[in-house]
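Everything on this sheet refers to the single structure shown next.
First listed ligand is number 1; within each ligand, the first listed atom is number 1. In this chain, numbering begins with 1 at the start of the sequence shown.
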Amino acid sequence: MKILLLCSGGDAPGMNRFVYDIFKEFGNETYFALAGFDGLVNNRIYPLKKVVKEDFKDKSGVIIKTSRCPEFKEKKFFKAGLENAKKFDCVIICGGNGSERGAKELFESGANTLFVPGTIDNDVEDNFYSIGFSTAVKECVYAVENVMPSMESMTRSCLFEVMGRECDAICVKAGKLVGADYVAKDQIDYEKMTDVILKKYEKGQSAKILIRENLEDIEKIARKLNKMLGLDIVKYHIVGRTQRGGTPTKDELEMADKFAAETIKAIKNNKTGRVLADKNMKVRICDFK
Ligand code: ADP
């Protein structure tokens, strides 16, 4: 049996544990494509044993590297990738919904692929948990908890910019956990925000507001709010890349193990498709849509 593993799109904490689990099961039968579809297209494919070390499995990042490879959507590059994919009994692709489209197209063109959700955004359709999400939320909660005491000491309100390119999942979940006063998940409502901030301020309190990235420039939002309020009480904090690089939570590692166990089972049963988590966090295999 020859198995190829690749990670694609943004890196997600827990990917390393998944890689390790697959290696532990299949050992010398496992290969990886360096940096996702890019490695697949450009034939940068190596035995996994070359990079596997015991000490990486609980760390964030991903030892086999990942990348975005827009040219993979072009016929010429896709064909090169497909040829390489067909050399393996199974190609495991761990990434987000873009990577899933790549996995499905390879499958429909004759390669045996398995897609595994690995993205901090948790935006894979029909799937309730993606590897990386719990850690990203944890980092966001830490940021709010570590910044707010200073804000409260000076009666400032704070805007937290949270990751999620086109997806509000981290923002919404972290917002609930920290008891945010307002969560801007798809638009910036200045009237609402000034209202929330002012009400808190009048009581000598501080508002915590979570804002999804990519809506508007966070500094400009803070400046505009201060102008509208006629005060200088609104600060901002970009939570940023610790959401990817934070140490994986125990839940994360447990879920990565579950995804790996189901992937291993699928390979042994010659199955292809999507390895997804249901709302009870049970992981199962199902067909590509
Ligand atoms: P994510 O997988 O995290 O959603 P992207 O949306 O950037 O990240 O997609 C990752 C990669 O998946 C892209 O760089 C590209 O190589 C591949 N991909 C995305 N969409 C398609 C598609 N329609 N067909 C083939 N490959 C795709």
Side-chain angles (χ1 to χ4, degrees), residues 4-16 18-19 32-45 60-86 88 91-137 139 162-171 173 212-214 240-241 243-246 248 252 255-256 259 263 272-277 287-289:
L4 182 67
L5 176 55
L6 65 86
C7 290
S8 167
D11 58 293
M15 278 179 166
N16 267 336
F18 179 78
V19 170
F32 71 98
L34 184 69
F37 292 126
D38 186 73
L40 188 68
V41 167
N42 295 301
N43 208 21
R44 285 196 275 271
I45 294 172
S60 55
V62 63
I63 201 157
I64 59 173
K65 296 189 188 281
T66 182
S67 70
R68 299 204 163 85
C69 175
E71 59 272 25
F72 188 61
K73 293 185 211 166
E74 293 170 35
K75 223 173 180 175
K76 185 175 114 194
F77 296 103
F78 180 81
K79 211 171 145 229
L82 178 64
E83 269 173 34
N84 281 328
K86 279 184 173 170
F88 291 86
V91 182
I92 307 165
I93 292 155
C94 182
N97 51 17
S99 307
E100 179 177 10
R101 284 192 285 277
K104 186 180 172 204
E105 290 201 9
L106 285 170
F107 170 71
E108 286 171 347
S109 307
N112 291 328
T113 58
L114 280 170
F115 168 73
V116 177
T119 164
I120 60 168
D121 288 344
N122 203 24
D123 60 350
V124 171
E125 229 184 300
D126 312 317
N127 176 56
F128 285 82
Y129 190 82
S130 299
I131 294 172
F133 182 61
S134 151
T135 309
V137 169
E139 287 299 325
V162 179
M163 272 186 170
R165 265 188 314 162
E166 282 152 26
C167 177
D168 61 19
I170 305 174
C171 208
K173 177 79 180 185
R212 176 168 73 77
E213 67 176 340
N214 268 353
R241 294 197 171 271
Q243 287 160 102
R244 287 194 193 283
E252 195 77 83
M255 284 309 291
F259 276 107
T263 304
T272 47
R274 322 161 77 203
V275 182
L276 303 181
D287 291 339
F288 283 111
K289 266 191 145 174

Taking ring pair (Phe, Tyr, Trp, His ring centres under 6.0 Å) as the definition, give me every residue that meets it alongside F78, ordered by chain and number, with sequence neighbours left out.
F72
G96 heavy atoms within 4.0 Å reach ligand 1 at atoms 1 (P), 2 (O), 3 (O), 4 (O)
Quick test: of every protein heavy atom, which one is nearest to atom 4 (O) of ligand 1, and how far off is it to 0.1 Å?
G98 N, 3.0 Å
Exam field: side chain S67 to backbone G36, donor-acceptor pair closer than 3.5 Å:
no
What protein heavy atom sits nearest atom 11 (C) of ligand 1, and how far away is it?
S8 OG, 3.5 Å
Considering only heavy atoms, does R68 approach ligand 1 within less than 4.0 Å through its side chain, its backbone, both, or neither?
both
Would you give the length of the straight line joining atom CD of E105 to atom CZ of R101, rounded to the nearest 0.5 angstrom?
9.0 Å
Could you check if a side-chain atom of D287 sits within less than 4.5 angstrom of a side-chain atom of R274, using non-hydrogen atoms only?
no
CG of D38 to CG of L6, rounded to nearest 0.5 Å, is 10.5 Å
F37 heavy atoms within 4.0 Å reach ligand 1 at atoms 12 (O), 16 (O), 17 (C)
If the cut-off is 4.0 Å to any non-hydrogen atom of E105, which atoms of ligand 1 fall inside it?
23 (N), 24 (N)
Among all protein heavy atoms, pick out the one at the shortest distance from atom 2 (O) of ligand 1; state its residue, atom name and that distance to 0.1 Å.
S99 OG, 2.5 Å
So for T119 against ligand 1, with non-hydrogen atoms under 4.0 Å, the contacting part is neither
If you count heavy atoms of other groups shown closer than 6.0 angstrom to CD of E125, is the number above 12?
no
Going by the closest heavy atom to atom 15 (C) of ligand 1, which one wins out of S67, G102, A12, C69?
C69
Per-atom filter on ligand 1: closer than 4.0 angstrom to a heavy atom of R101 are 20 (N), 21 (C), 22 (C), 23 (N)
Spatial distance of atom SG (C167) from atom CZ (R212) [nearest 0.5 Å]:
7.5 Å
One should read off an interatomic distance between L34 CG and N43 CG, to the nearest 0.5 angstrom, of 11.5 Å
If you scan protein heavy atoms around atom 8 (O) of ligand 1, the nearest is G9 CA, 3.7 Å
